[in-house]
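A quick write-up on the structure given underneath.
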Amino acid sequence: MRRKTILLVEDNPQDEMLMLRALKKVNLANEVAVARDGQQAVDYLFGEGEFASRAGAELPTVVLLDIGLPRLSGLEVLVRLRADPRTKLLPVVILTSSDEERDRLRSYEVGANSFVRKPLDFSEFAEKVARLGVYWLATNEQPQG
Amino acid sequence: MSLHRFLARLIWLCVLPLVFLAAYLAIDSVRSAQLQRDARADRLARNVVTAIDEDLNARMAALQMLAASPLADDASRWEDFYREALGFYRSFGSHVILADQQLQMRFNTRNPFGTPLPALPVPKGRSAARTALTTAAPAVGDTFVGPVARVPMVAIAVPALRGEQPVALVLSVFEARQMQERLDRVVLPEGWALTLRDSVGTTIAARSPPGFDAAADVDPAGRVAIASTVAPWSLVLEVPRAIRRAPFVQAAVVLALAVLGATLASVAGGSLAGRRLARDIASLVAPSARTSNLPAIREIAAVRALLDEAHGRRETAEAALRDSEQRFRATFEQAAVGIALVTPQGGWLRTNQKLCDIVGYTQEELAALTFQDITHPDDLTADLGQLQRMLAGEIETYSMEKRYLRKAGGLVWVNLTVALVRRADGRPDYFISVVEDIQRRKEAEIALQELNASLEQRVALRTAELTAANQELDSFAYAVSHDLRAPLRAMSGFSNALAEDYGDRLDGEAKLYLDQIDIASRKMGELIEGLLALSRSTRGELKREQVDVTAIAQATLAALAHSEPGRVVDATVEPGLTVCGGARMTEAVLDNLIGNAWKYSAKSPSAKIRVYRGELDGKPCVCISDNGAGFDMAHADQLFQPFRRLHRHDEFPGIGIGLATVQRIVQRYGGAIRAHSAVGEGATFCFRLADEDEAA
């Protein structure tokens, strides 16, 4: 059986820590890879650059993608993923502090599967992240291929 | 055709039928006279022939009586018979001859009885003796020369019949002279000729005027021949050609004279009348000779009077026209605007001095030019287009502002008004162009336009600056929403994680401090939310649609009741409330106002909230009232300022951004909001979004 993993793309180390803590609480921390900017995320997924050794490796089950990223922004990453046949159908969840209407619209336009706002409240935030992990890894049915 | 010739022709046309009629009547009368004469000739000839026949018949009857005498049979008694025959001679004056069947004379009363006698002479034509012998009937013969008397004779022979056979012939012979005497007795018109001929044409007797030549003087029509019923003779009556024609000539001469006379009379009378008529009519043709005597013919005199009247009227009209023309000329020349008559092709027909002043050309120079020549090329197309529409009958007139090229160089702005004058048959005759010099006005206009343009440019610059500032603000707000939240989340997150993971190792005071970090970060979160809402209220699209206020208010109240189930609030919302605006913006306004009402009525014993239709500045609006804490109207001016609060936080929590947001939204829509309150007596907020009347 395929190993189910999450790629978390997050530039803020504190958010990363809090998210990993939340995923650990639901026993999903071991399945998480982390990219700290957009370019790194693209390299990781396509097995290029510093991740050249990963070429041909399995894709993660879901990508949790922040919008405000250095180098390549989250939406730019998403546009690249949707343009490539390998990652055209890869589930991508936009996870962001923004609740701007235009960010939400733009995300769905370029092919996001889901748009989730990071709540300010800690417990709400932890719960949301945990539920996301469980949902995408256990509940959701993957597209074939 | 001149009147004279017309009248001459008329006269001839009248006279000619009369001439023809007279000729016809003359010919007819001549012909009937001729017929009468012919009938008279015929009758005359017949009468003569009848008389001759009667004479012959009488002689024949007497001879028959002689022939019937038995004395004729016996030669011995011929002497007695001779004596009887002498009686005949005495009666008729003609001798009697007895002849035998061999035509030998036995006696002749001309000679004494017993005288030897020759045989009967044989005439050239018919012989009476032979005929009588062969036909056994009395016969008359042709003329011959008597062998005894030696003069022209004629004979009547009667056979003496015994049984059916002639045994002898009794003849009577008389001289042709007797016939001549008879003819001489006939009353014959002068010039006529009578001829008695035997069967071979020998003349027995004749009567003719002197020098008469039958062959030369007589036509066949002038000859009548009547045959005798007793003798083989015929009587010929001849009328010479000259006598026959005499009536024709006579009639022709009379006719010619009559026609000539009548024609002369008619022509003379006609030309007299014609001359008079011509003179009268000539007075109509040239009525200017008014002093000349008036026409004598009444109708023409009437026409002349009418013409004189018309002439008088025309002179008056012409005088009026001259006056009018003079006035027009004065108007045309002294008008304060340029006026021109222009051909349909654009040539200047007539121009006034003012127009010349405007364009700087003289009238003579303009006459050699067209308006196209001196129109600014950029204005020509529009001008010609309008002209074509007018020629096509689509428009009556047109006005336009255009530029002329002045002779001295440079342009002059004019206001041109053109009208088209058409001929009676609808074809374009000429244009009337009125040209007003608007150079100074145009200059002012252009200056104004330039000013406007520069103003617009400045406005555009300011707008661009403002837009840039707004965009900056926008990205600032975006940064706030995105970047300020992350550290807050970290503060709140890690303080919570600390309490969760290491809470058992912390004492009461440490936990209190951790709580303070959490409270502070939450407060800051709220402030950030408020700032974002305020910023959002001035951004985004301005939608205008019918929004159901009643439904939103009810939903908001329901959500509030759900969040605080313990509170009892008497909330009423009037049905059918609407505003014209964006749904999200309306929602933000109502959330804030109803939220405030809910919040500030929390301490009232029986809280009441009402949403209803009101009136603001005479226009419909939506009002939200409560019976809560209210506020002092003295501070009403601070009510809508951001972060400005009229209550302490421990009384009523809040960050002071809600009403500022509401006011910005209302102002953005061009609406209005107003508050009424008194401390402890609750507050009423009334607002409307659009300035126009909404179905509130």
* To do: Please check if atom OH in Tyr108(A) has more than 12 non-hydrogen atoms from other residues, nucleotides or ligands closer than 6.0 Å.
  => yes
* State which residues pass salt bridge (charged side-chain N to carboxylate O under 4.0 Å, His left out) with Arg674(B); sequence neighbours excluded, sorted by chain then number. => Asp617(B)
* Those residues of residues 495-512 of chain B, ordered by number, that approach chain A below 4.5 Å (heavy atom to heavy atom) -> Asn496(B), Ala497(B), Glu500(B), Asp501(B)
* Is any residue of residues 18-27 of chain A within less than 4.5 Å of chain B by heavy atoms, and which ones? -> Leu18(A), Arg21(A), Lys25(A)
* Mark yes when over 12 heavy atoms from residues, nucleotides or ligands other than Arg104(A) sit less than 6.0 Å from its CZ; otherwise mark no. => yes
* Can you name the residues that form a salt bridge (charged side-chain N to carboxylate O under 4.0 Å, His left out) with Arg117(A), not counting sequence neighbours? -> Asp99(A), Glu529(B)
* Structure fact -> On a heavy-atom basis, the closest approach of Ala490(B) and Gln14(A) is CB-OE1, 3.2 Å
